[in-house]
> 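Sharing a structure here in structure tokens format.
Reminder, nothing fancy here: chain letters follow the sequence lines and each chain counts from 1. Only this structure's heavy atoms are used, side chains among them; waters, hydrogens and symmetry mates stay out.
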Amino acid sequence: MLTLKQINEDKARVVAGLQKKHFPNAAEAIEQVLELDAQRKAAQQQKDAAQAEMNRLSKEIGLLFKQGKQAEAAAAKAKTGELKESIAQYETRMREAEEAQTKLLLTIPNVPYDIVPEGGTAEDNLVVKSNVGECPEGSTVGNWQGNVQNDQAKLPHWELARKYNLIDFDLGVKISGAGFPVYIGKGAQLQRALINFFLAEANKAGYTEVMPPTVVNAASGYGTGQLPDKEGQMYHCEVDDLYLIPTAEVPVTNLYRDVILEEKQLPIKNCAYTECFRREAGSYGKDVRGLNRLHEFSKIEIVRIDTPEHSDESHKEMLAHVEGLLQKLELPYRILRLCGGDMSFTAALCYDFEVYSEAQHRWLEVSSTSNFDTYQANRLKCRYRREEDKKTALCHTLNGSALALPRIVAALLENNQTERGIHIPAALQPYTGFEWID
RNA sequence: GGAAAGUUGGCGGAGUGGUCGAUCGCGGCGGUCUUGAAAACCGUUGACCUGAAAGGGUCCGGGGGUUCGAAUCCCUCACUUUCCGCCA
């Protein structure tokens with residue numbers, strides 16, 4: 001959530017940013033936050049004064065008892081009753097204001113950075129880079145034309161999966177349900193190869209590998225912001241009150257919850273492969289066909305914790321890393337800078353990576369790489385001690401997929417199909433151990 | 001699932017209801033000594049809220065209670081550890 005400091009320091013910027021994000025009634029909400037803060041401060045000051053008086057009295061009473069002055073002590077005691085009551089009152093008022101403020105702040109999204117484009121829908125996202133077309137200034141999803149192959153003879157991946165016996169969707173339905181495919185033979189081996197490839201690349205780029213639990217407690221869900229807003233999107237094991245993670249971001253970022261890091265430890269660079277679980281309630285149609293949207297899928301995530309000064313640089317490095325993966329896989333891709341209205345609740349700046357599916361004739365999102373500024377860190381209480389003055393300050397958190405498997409597999413199968421079979425890109429062959437699926 | 005013990009500052013570990021935010025050790029930081037380092041010695045060392053500052057307030061797992069006063073007593077919840085059982 002936003003910090004009071006951010007709001008106090010530049011209210012106008014915050015309000016303008018929220019409007020860019022299409023958050024309704026931004027100005028009113030911010031005013032209300034400030035009003036509640038004023039109430040809280042007033043109550044606290046009253047409470048503190050009363051408490052100070054109480055502390056003083058208590059000490060005095062103790063002293064009087066020690067000196068054997070029973071009568072004077074009793075007299076002092078009599079004074080405490082009223083004081084106690086007013087302390088309780090101020091405390092209640094303070095807590096109520098604080099709770100109301102937090103509750104409100106949790107409903108307010110992060111403020112986007114200046115370079116985030118205006119816009120409300122996916123059509124307004126800027127196309128900033130692609131390997132299949134020029135991206136002059138002002139290119140948007142709505143007006144950009146990439147030089148993509150549309151071969152009508154190419155089969156969609158769900159048909160290829162059946163043809164080469166790589167993935168059995170019906171078996172998945174039998175043992176689990178829709179959205180839980182079973183990978184078989186070279187299909188399964190391809191999964192494992194991609195996981196190893198992505199992890200090896202991340203390790204090469206200096207990310208420390210973490211293998212976290214895939215089930216987390218509610219506190220972790222709140223830490224990264226899946227709770228309370230997206231409660232329905234996570235699988236919840238009610239008996240134990242545990243959640244299946246929708247992304248490795250949750251356990252990995254929460255490693256740094258309630259932690260004070262030393263500045264010289266930063267940036268922290270972690271990567272993790274996990275299975276990800278998403279209920280995807282409300283999805284339907286061609287979006288969920290085949291591998292396009294699953295309830296369980298494999299993903300390698302990169303996570304960084306950094307200083308405010310360096311987080312932008314970190315973000316750029318992450319983007320370069322993800323782009324490098326797509327280049328090595330020889331896939332047609334484009335990079336989008338998301339517009340205010342299409343960004344996630346918690347992001348300050350977000351780039352999506354999409355690969356082109358030549359049989360489905362559409363772009364598939366395979367990575368979303370975001371800088372959350374201090375928004376997540378504030379909830380997580382993830383801080384660092386500055387070298388300069390030894391003060392604590394909130395970290396910046398960043399994360400991105402590098403990469404999510406299913407849509408990569410879809411594009412690889414579809415784009416690389418030939419009469420002879422499906423060709424595995426050279427960079428991946430050391431990991432698969434085979435060059436062809438045939 | 002059964003039984004017991006525990007939860008204190010970055011870590012280890014004290015703590016009698018009344019200057020306890022908390023002894024001490026380690027670690028960290030600064031210094032003396034040294035060509036440099038180590039060792040030794042001296043000093044210093046929590047977070048948060050509030051305030052221009054001085055200062056004030058909160059925090060000893062969470063919540064509640066007793067008391068003029070709670071890390072210390074009571075209740076409750078959560079978690080951890082150990083032993084037994086079960087199991088990979």
> I'd like a table of atom pairs between the protein and nucleotides 55-57 of chain B - only N or O on both sides, under 3.5 Å - with the distance next to each one.
{"residue": "B:G56", "atom": "N2", "partner": "A:D48", "partner atom": "OD2", "Å": "2.9"}
{"residue": "B:G57", "atom": "OP1", "partner": "A:N55", "partner atom": "ND2", "Å": "3.0"}
{"residue": "B:G57", "atom": "O2'", "partner": "A:K47", "partner atom": "NZ", "Å": "3.1"}
{"residue": "B:G57", "atom": "O2'", "partner": "A:D48", "partner atom": "OD1", "Å": "2.9"}

> Only counting residues at least two apart or in another chain, list the ones meeting side-chain contact (heavy atoms from CB on, under 4.5 Å) with A:F434.
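So A:F434 forms a side-chain contact (heavy atoms from CB on, under 4.5 Å) with A:K186, A:Q189, A:I424, A:T432, A:I437.
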> Charged N to carboxylate O under 4.0 angstrom, A:E301 versus A:K299?
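A salt bridge is present here (some side-chain N lies under 4.0 Å from a carboxylate O).
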> Using a cut-off of 4.0 Å on non-hydrogen atoms, how would the nucleic acid contact of A:I61 be classed: base, sugar-phosphate, or nothing?
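Base contact - A:I61 has a heavy atom under 4.0 Å of at least one base atom.
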> The criterion is side-chain contact (heavy atoms from CB on, under 4.5 Å); which residues satisfy it with A:T346, sequence neighbours excluded?
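A:T346 satisfies side-chain contact (heavy atoms from CB on, under 4.5 Å) with A:S344, A:F372, A:Y375 only.
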> With sequence neighbours excluded, what pairs up with A:Q46 under the side-chain contact (heavy atoms from CB on, under 4.5 Å) test?
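Checked A:Q46 against side-chain contact (heavy atoms from CB on, under 4.5 Å); matches are A:Y90, A:R93.
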> With the threshold set at 4.0 Å, does a side-chain nitrogen-carboxylate oxygen contact exist between A:K11 and A:E31?
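Between A:E31 and A:K11 there is a salt bridge, with a charged N closer than 4.0 Å to a carboxylate O.
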> Write out the stems for RNA chain B, ordered by first number and formatted as range with range, counting runs of at least 3 consecutive Watson-Crick or G-U wobble pairs under 3.5 Å.
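When the pairs of RNA chain B are grouped into runs of at least three, the stems are B:1-7 with B:78-84, B:10-12 with B:24-26, B:27-32 with B:40-45, B:46-50 with B:55-59, B:61-65 with B:73-77.
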> How close or far is atom C1' of B:U45 from atom CD1 of A:I260, stated in whole angstroms?
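Checked: the CD1 to C1' distance equals 14 Å.
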> Let me check something: any side-chain donor-acceptor pairs from residues 171-183 of chain A under 3.5 Å, sequence neighbours excluded? List them with distances.
none

> With a 3.5 Å cut-off and sequence neighbours excluded, list the donor-acceptor pairs that the side chains of residues 315-328 of chain A form with protein atoms.
{"residue": "A:H315", "atom": "NE2", "partner": "A:T369", "partner atom": "O", "Å": "3.0"}
{"residue": "A:K316", "atom": "NZ", "partner": "A:D312", "partner atom": "OD2", "Å": "3.2"}
{"residue": "A:E317", "atom": "OE1", "partner": "A:R304", "partner atom": "NH1", "Å": "3.1"}
{"residue": "A:E317", "atom": "OE1", "partner": "A:R304", "partner atom": "NH2", "Å": "2.8"}
{"residue": "A:E323", "atom": "OE1", "partner": "A:K129", "partner atom": "NZ", "Å": "3.2"}
{"residue": "A:E323", "atom": "OE2", "partner": "A:K129", "partner atom": "NZ", "Å": "3.0"}
{"residue": "A:E323", "atom": "OE2", "partner": "A:Y333", "partner atom": "OH", "Å": "2.6"}
{"residue": "A:Q327", "atom": "NE2", "partner": "A:Y333", "partner atom": "OH", "Å": "3.0"}
{"residue": "A:K328", "atom": "NZ", "partner": "A:E201", "partner atom": "OE1", "Å": "2.7"}

> Tell me the interatomic distance from A:D37, atom CG, to B:G51, atom C1', rounded to whole angstroms.
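Taking CG of A:D37 and C1' of B:G51, I get 14 Å after rounding.
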> On RNA chain B, compare the nucleotides closest to A:T80 and A:K264; which residue's is nearer the 5' end?
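Final value for this comparison: A:K264.
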> Do the charged groups of A:E263 and A:R386 touch, with an N to O distance under 4.0 Å?
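No, this pair does not count.
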> What string of B, S and - do you get for nucleotides 69-77 of chain B 5' to 3' if you count protein non-hydrogen atoms under 4.0 Å?
S--------
> Only counting residues at least two apart or in another chain, list the ones meeting side-chain contact (heavy atoms from CB on, under 4.5 Å) with A:T274.
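A:T274 satisfies side-chain contact (heavy atoms from CB on, under 4.5 Å) with A:P212, A:T214, A:I245, A:A248, A:C276 only.
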> Between A:R383 and A:Q45, name the one whose nearest nucleotide on RNA chain B is closer to the 5' end.
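Going by which nucleotide is closer to the 5' end, it is A:R383.
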> What does the list of N/O pairs under 3.5 Å between the protein and nucleotides 60-65 of chain B look like, with a distance for each?
none

> Which pairs count as side chain to side chain donor-acceptor pair (under 3.5 Å) when at least one residue sits in residues 107-118 of chain A, sequence neighbours excluded?
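Qualifying pairs: A:Y113-A:D373.
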> Using the ring-ring contact (aromatic ring centres under 6.0 Å, His included) criterion, which residues pair with A:Y273? Sequence neighbours excluded.
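Expected list: none.
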> Between A:R56 and A:E53, is there a salt bridge with N-O shorter than 4.0 Å?
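Looking at A:E53 and A:R56, the cut-off is met.
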> Whole-Å distance between B:C49 P and A:N8 CG?
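That distance rounds to 13 Å.
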> Under a 3.5 Å cutoff, is there a donor and acceptor pairing between the side chains of A:R257 and A:N254?
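Yes, a side-chain donor-acceptor pair sits under 3.5 Å.
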